[in-house]
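A, B, ... follow the sequence lines: proteins, then strands. Residue 1 opens every chain. Values reported hereafter were calculated over all heavy atoms of this structure, with side chains retained and with hydrogens, waters and symmetry mates removed.
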Protein chains: 2
Amino acid sequence: MMVEYGKTLRMIRKQKGITLKRLADGVCSVSFLSKFERGDSDITLGLMTRLLEKLMMNFDEFLYIHHDYQPDNLEQFFKTASTAYLNRDVKQLKQLKSGQIKKWRQYGVETYHYNALLIEVYESIVDKDYRNDDVQEKDIQLLSEYLFRVEVWGYYELTLYNGTLLLLHPDMVIMLSRTAYEKSARFKDYNKVHDAITSVLFNTIIYLLGPVNQFHEAFSYQKEMSEFLSYLEIITIPESNLTERVHLLQLKGALDIRIGNKDEGIAKIKQAIQLLHDLNSTKMANNIEQYLQLII
Amino acid sequence: MMVEYGKTLRMIRKQKGITLKRLADGVCSVSFLSKFERGDSDITLGLMTRLLEKLMMNFDEFLYIHHDYQPDNLEQFFKTASTAYLNRDVKQLKQLKSGQIKKWRQYGVETYHYNALLIEVYESIVDKDYRNDDVQEKDIQLLSEYLFRVEVWGYYELTLYNGTLLLLHPDMVIMLSRTAYEKSARFKDYNKVHDAITSVLFNTIIYLLGPVNQFHEAFSYQKEMSEFLSYLEIITIPESNLTERVHLLQLKGALDIRIGNKDEGIAKIKQAIQLLHDLNSTKMANNIEQYLQLII
DNA sequence: TTCAAAATTATCATATAGTGGAATTTTCAC
DNA sequence: GTGAAAATTCCACTATATGATAATTTTGAA
C-alpha cells in the first residue's frame, strides 16, 4: 500500500553529500528519517515538504526521479493513449480502456470513466469493425457535461478536451473552447497548462477553418475564429514562444485565405514554412506545406 | 508547523464536483478526509498521492494552486534574486542574503550557504561600495567544490551555477559546464532541467567567445566551444524548440566570426535577427543586434 | 589493524494519523 | 417551509508516524 519514497530520498541525499543528521535537523528526528529512508515508515506531507526544501528540490523533480526519470502517471496515460491512437493500435487502446474502466468500477470516480470514453472515441475512429454509434454519442455528451460543470480547467480537462474536440459539433466546440480559455486563465504562467490551452485554441481554429470538419454546414464561423485568434495572441505574448508564433502566422494566413485575401494568406503561410526551413525544422515545415495544399 | 494542504484539496474537489465520500472511497475513510480537508490533520504522503491520482492532478499542479497560482519557493528564490540583480537593487539583495544565512545557521545545511554566496556574488558586482575580494574568491571556491562533488545535477545546481559562471576562470567554466552536461543527462525529457542545461551551455559558449571575459588571456578555446556547441545540438534536436534553434544559429555565427569566417558568421547572425523580426520578437532581435555590434 | 568519532539503526514511549459509526448539517424536491 | 436523502462532522478508538536515547555499524586517520 505504502509508496516507498524514502529510498529515493536517501539516494538524492547521498548524491548531494548531505548527512542524515543534517537533513533531519530542525525538521524531524534522526531516527525517524532513517526509518523512512529505509522504507519502514510512511511520512507526513508536511515533513516531506520541509525535507525537500532543505534539499533544494521541488516535488515535481523528486517524483520524476522517483519514477525512474519518467513523467507522472497522468501525463503517461495521455501520451500512451495518443500514441496508440496515432499508430492505430486497437489492441493497446482496448487494454488501456479496460484498465480505466476497472478503476472506475473500483472507485466510482467518474474521471476514470471519462478516460475510458476518450479511448472509446479513439477506438471508434481507428477500428473499422467498431459499430456502436449510440454509445459514442452518449459518451461525448457525458464528457462535455463534465467539462461544462468543472469550475477550473487544469491540465487534465484541457488534455481530455483536446483529444475529443474533433468529434464535437462546431457550435459545441466554440462554447467549450471559450469555457476552456476562461476557466484556465489563472494558470497562465504554468508551462504545462499554458501549452495545453494553446493547443486547444490552435486546434479549435484549425477545426473551424474546415474542411476536416465532419459537419458539412455552410457556416463560416469567421467571427469566432477571430475571437480565438485574439485569445492566442494574448497568451502567446512572451517573445520567446517562437514556435507558437510560427503557428500563429500559419493560422492568420489560413484565416486570410478563408475570408478571400488569398494572396496575402498564402504569403503568410509560405513565410512560416520558410522560417521553419531556415531553422532546419523540416518536418514541421512539411506539415504546414501539406496543410497549405489541403486548403487551397 | 503543519501546512494546510487540506483546504486546497477541498477547493479542488468541489471545483471538480466530486463528493468527499467518492474521493475517499478506496483510499481512506470519509471521516479522515473530512478532518484533513478542514486542516485538523496532516496526511501521509502515500494517501495524498492516491487522492491526487483520483482527482487526475499531479503534485506540481496541486502545489501551484496551493501557492495561489505561483511557482514553488525554489523557483521564486532564483527569480527574485536575479530580478534584484538586474535591477541593481542592493537592498533587496541584502535582505535575500540575510534570509538564506539565517536558514543556514538554523539548519546547518550548506545549500542555504551557497544561496547566500550566489547573492553575495551578485552584490559584489552591483554594489559599488562592496569591498571584500577575499570573501568573494573563497565563496566561489566553496561553490565550485560543491558542484564538483554533487553526483547528479538537477534544477538547483544548474541554476546556481548559471548565476555565477561569469565570475569563474574560463578553464574552470569548461570543466564545470562539462560536468553539468554529463551529470544532468538523465533529465533530458524534463522541461525545467532541460531549459536550465540549455541555458548553461549557451552561456558557456557566449562567455568563452569573449570579450565579456574578465580574464584577458589569449586562449581561443576553439575546440571547447565546438564541443559545447555539439552538446547543444544534441539536446536541442526536437524540431519544435525554435527559440533554442535561433540561439544556436546566433552562436554558430559568432563562432564563425571568431575563427575568421567573418562574412559567413555575420550572415548567420543577421539571419537569426531577421527571423526574430519576422515573428515580431523585436526585443530578442535587438538583443542579438547589440551582441553583433559588440563582437565585430 | 586499531581505535575513536561520526553516521546509522534498534528499542521503546508518545503523539497523531486514520477508522467506524452515530450525530449533525446541508441539499433539494415537493 | 418540510421532510427525506446526501454530505459532512463528531467522538471514541486503533494503528502508525515520530521522538528520545541507547546500541550498532561505518569511516577514516594513525
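Between the CG atom of Leu23(A) and the P atom of dT9(C) there is a distance of 13 Å, rounded to whole Å. Rounded to a whole Å, the CD1 atom of Ile18(B) is 15 Å from the C1' atom of dA7(D). When the P atom of dT21(D) is taken as reference, atom NZ of Lys21(A) falls 14 Å away, rounded to whole Å. We find that CE of Met48(B) is positioned 11 Å from P of dG18(C), with the value rounded to whole Å. Nucleotide dG18(C) holds its P atom 10 Å from the CG atom of Leu45(B), rounded to whole Å. Distance, Asp42(B) CG to dA17(C) C1': 8 Å, rounded to whole Å. Rounded to whole angstrom, the span from the CZ atom of Phe36(A) across to the P atom of dT9(C) amounts to 14 Å. Atom-to-atom, NZ of Lys14(A) to C1' of dT27(D) comes out at 12 Å; the value is rounded to the nearest Å.
The aromatic rings of Tyr85(B) and Tyr122(B) lie parallel to each other, their planes meeting at an angle below 30°, with 60° marking the opposite boundary. Ring geometry for Tyr5(A) against Phe62(A) counts as tilted: the plane angle lies between 30° and 60°, on a 0 to 90° scale.
In terms of phosphate contacts, Arg13(B) brings a side-chain nitrogen or oxygen within less than 4.0 Å of OP1 or OP2 of dT8(D). Residue Thr44(B) places none of its side-chain N or O atoms closer than 4.0 Å to OP1 or OP2 of dT16(D).
Leu33(B) comes within 4.0 angstrom of no nucleic acid atom, judged by non-hydrogen atoms across all strands.
Ion pair Lys35(B)/Asp42(B) not flagged as a salt bridge, since none of the NZ, NE, NH1 or NH2 atoms sits closer than 4.0 Å to an Asp/Glu carboxylate oxygen.
For Ser41(B), counting side-chain heavy atoms from C-beta on, the closest listed nucleotide (dT18(D), dA17(C), dT8(C)) is dA17(C). If you check dG18(C), dG19(D), dA7(C) against the side chain of Cys28(A), the one that comes closest is dG19(D).
Checking Lys14(A), Met11(A), Arg10(A) one by one against Glu37(A), the side-chain contact (heavy atoms from CB on, under 4.5 Å) holds for a single residue, Arg10(A).
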Pairs under 3.5 angstrom, nitrogen or oxygen only, protein versus nucleotides 9-13 of chain D, please.
unit_1	atom_1	unit_2	atom_2	d
dT9(D)	OP1	Arg10(B)	NH1	3.3
dT9(D)	OP2	Arg10(B)	NH2	2.7
dT9(D)	OP2	Ser34(B)	OG	2.7
dC10(D)	OP2	Arg38(B)	NH1	2.7

Is there a side-chain contact (heavy atoms from CB on, under 4.5 Å) between Arg178(A) and Glu224(A) once you walk through the steps? CA-CA 10 Å; Arg178(A) 204 178 275 141; Glu224(A) 285 81 3; 4.3 Å; yes
Asn58(A) and Tyr64(A): side chain to side chain donor-acceptor pair (under 3.5 Å), yes or no, with the steps? CA-CA 10 Å; Asn58(A) 72 5; Tyr64(A) 185 79; over 6 Å; no
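Cation-pi geometry between Lys192(A) and Tyr155(A) is met: the NZ or CZ atom falls under 6.0 Å from the ring centre, inside 45° of the normal.
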